[in-house]
Participant: 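Take this structure first; my questions come after.
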Amino acid sequence: MKKIIVFGSGGREHAISWKLAQSASVDEVICVPGNGGTKNEAKCRNVDPKTASYITPGENPVVQIAKHEGCTLAVIGPEDPLAEGMADDFAKAGIPCVGAQKAAAQLEASKDFAKAFMKKYNVACAASETFTDNKAAHDYVEKHGTPIVIKADGLAAGKGVTVAATLKEAHDAIDDIMNSGRVGDAGKKLVIEDYLQGIEISILSAVSCTKESAANGKAVIIPFLPARDHKRLRDGAKGPNTGGMGAVCPLSDVTPGIIAAFEKDILEPTLKGLIEEQFDYRGFIFFGVMLTSKGPKLLEYNVRLGDPETQAVLPLMDFDFADLCQSITDGSLKDFKLNWKKGFAVAPVAVSGGYPGEYKKGCPITIDKAAIEKLGAKVFIAGAIEDRRAKDDSIVTSGGRVLASCAIGETFDDAWKNAYEALKSIKFEGMFYRNDIGLPGAAESGEL
């Protein structure tokens with residue numbers, strides 16, 4: 001039996017830990033730091049690096065925990081630690097790790113790097129220009145016109161993209177990113193892209209690419225079922241952007257022809273680029289794709305699984321997720337067979353009142369577990385932690401996106417009904433959620 005360490009504290013990491021724990025080969029999942037969901041998940045145990053007594057200066061504390069616990073595999077959830085080189089740290093320690101190493105993680109950490117990569121390897125995407133000079137960016141927008149998309153170059157926690165419908169919005173976005181300091185160093189450089197009209201989809205994928213696998217023909221990217229995230233706060237794709245108000249998988253509007261075009265024009269040239277650049281990329285890659293009248297176009301790379309898409313995709317997996325992770329690290333991914341459950345998954349997200357602005361924390365959450373279990377639903381905790389004042393397994397809110405309620409059904413309608421019925425069995429002060437995840441008119445039109 002083996003132990004696996006999972007780094008991260010969101011709903012994505014709860015879903016990853018839950019799915020890994022289902023494997024008969026996994027004895028325990030060490031969640032660092034985990035959250036209120038992983039704390040109460042079977043075969044999972046939270047470890048906080050801030051309170052672990054054996055942590056010493058020098059080596060990455062997460063690697064130290066993995067060694068102390070005897071973990072034989074690591075899975076890194078969020079993008080920031082990948083961009084900072086956590087996968088490299090695990091490699092140096094000799095612990096197999098599911099996560100792109102630092103050089104490859106720049107595909108998400110730098111929009112400019114990613115666009116240069118796309119252009120170099122002929123990945124289908126929007127035309128763009130990069131700017132470090134404020135005036136030059138303003139001049140370009142005046143000449144180009146609107147609509148247009150303004151993106152901070154670096155990681156900005158989902159707050160660095162503006163779709164400008166007017167010149168004023170475009171100029172304001174440039175000043176906000178480059179001058180206000182709101183997104184820090186991420187805004188010292190920005191990318192301005194042509195606006196793409198269409199409907200967005202998310203294609204999460206497994207990647208195994210090293211010098212060795214490239215040489216023996218084993219380098220591969222294997223896509224999962226297509227999913228869709230709904231980022232606007234309110235029904236009908238209205239209101240401000242969020243980190244995601246819910247996800248559905250698979251998608252009835254994504255045909256085999258669309259997938260074939262995606263693989264030919266986006267996935268295959270991306271794999272060619274990973275090989276040519278000699279990246280060590282053993283992990284996940286998330287293609288944000290716009291379905292346009294001229295075919296699928298890549299919006300962005302994420303070098304990890306999406307959130308909340310993971311909470312809708314993983315429950316449909318009809319294979320051993322731990323075995324998949326192992327195959328990613330040992331170079332056998334190309335021979336791994338992905339089987340999927342029939343039907344649909346719907347995962348609406350419940351958020352704190354006031355999100356994505358200011359919101360209250362520490363609100364007790366009540367969950368009718370019996371009712372949710374009867375519906376066959378699964379609650380994935382994101383922004384909630386254990387209530388240290390209580391003696392039981394109570395949890396309280398700690399973030400804006402608090403949880404997702406996922407249900408699977410033979411039909412989309414069945415999955416949708418059960419997911420929303422499950423939400424009715426959950427209560428916390430200020431709880432808010434969209435009522436149209438996956439329904440017609442709920443998907444955003446145009447680039448986000």
Side-chain angles (χ1 to χ4, degrees), residues 6-21 29 31-41 44 46 48 75-81 157-159 202 204 227 229-233 240-249 284 286 302 304-315 345-367 369 372 377-387 393-407 419-420 422-423 425-434 437:
V6 174
F7 180 75
S9 61
R12 166 184 50 222
E13 288 76 42
H14 184 185
I16 289 171
S17 300
W18 164 79
K19 195 65 177 176
L20 288 170
V29 180
C31 307
V32 182
N35 62 29
T38 54
K39 175 185 179 294
N40 299 315
E41 195 65 61
C44 295
N46 289 356
D48 188 343
V75 181
I76 302 172
E79 61 273 25
D80 284 340
K159 300 175 182 177
S202 304
L204 283 54
D229 179 18
H230 298 65
K231 288 194 175 297
R232 297 289 184 178
L233 179 67
N241 277 339
T242 71
M245 293 298 294
V248 294
C249 178
F284 301 108
F286 160 7
N302 288 169
R304 33 75 187 188
L305 293 176
D307 190 345
E309 293 96 332
T310 299
Q311 293 89 300
V313 174
L314 266 59
V346 178
V349 169
V351 304
S352 298
Y355 174 79
E358 293 184 6
Y359 50 83
K360 187 177 179 180
K361 298 181 181 180
C363 302
I365 303 171
T366 60
I367 301 175
K369 296 179 181 178
I372 290 170
K378 175 64 182 178
V379 176
F380 294 113
I381 300 299
I385 57 176
E386 66 174 304
D387 186 353
D393 60 0
S394 299
I395 57 176
V396 296
T397 62
S398 62
R401 290 192 299 156
V402 177
L403 56 86
S405 165
C406 179
Y420 276 96
L423 272 184
S425 301
I426 303 168
K427 292 181 173 58
F428 59 86
E429 182 183 340
M431 178 176 171
F432 175 83
Y433 54 87
R434 281 179 59 166
I437 298 301

Participant: For the CD atom of Q311 and the CG atom of L403, what is their distance to the nearest 0.5 Å?
Facilitator: 10.0 Å
Participant: Testing S9, P33, C31 one by one against T38 for a side-chain contact (heavy atoms from CB on, under 4.5 Å), which residue passes?
Facilitator: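 Exactly one pass, corresponding to C31.
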Participant: Is T397 reaching over with its side chain to a backbone N or O of G362, donor-acceptor style, under 3.5 angstrom?
Facilitator: yes
Participant: How long is the gap from CD1 on I76 to CG on L305, to the nearest 0.5 Å?
Facilitator: 12.0 Å
Participant: Out of curiosity, N241 CG to R232 CZ, how far, rounded to the nearest 0.5 Å?
Facilitator: 4.0 Å
Participant: Please report the interatomic distance CD1(I395) to CD1(I365), rounded to the nearest 0.5 Å.
Facilitator: 4.0 Å
Participant: Report the distance from atom CD1 of I381 to atom CH2 of W18, rounding to the nearest 0.5 Å.
Facilitator: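 CH2 of W18 is found 13.5 Å from CD1 of I381.
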Participant: Can a donor-acceptor pair be found, under 3.5 Å and without considering hydrogens, that links the side chain of R401 to the backbone of G243?
Facilitator: yes
Participant: Side chain of E41, backbone of K39: donor and acceptor closer than 3.5 Å?
Facilitator: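 A pair under 3.5 Å: no.
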Participant: For N35, is there any backbone N or O sitting under 3.5 Å from a side-chain donor or acceptor partner on N46?
Facilitator: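 Yes.
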Participant: Give the ring-plane orientation class for Y433 versus Y420, where under 30° counts as parallel, over 60° as perpendicular and anything between as tilted.
Facilitator: tilted
Participant: Does the S425 side chain pair with the main chain of I367, one donor and one acceptor, at a distance under 3.5 Å?
Facilitator: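 Answer holds: no.
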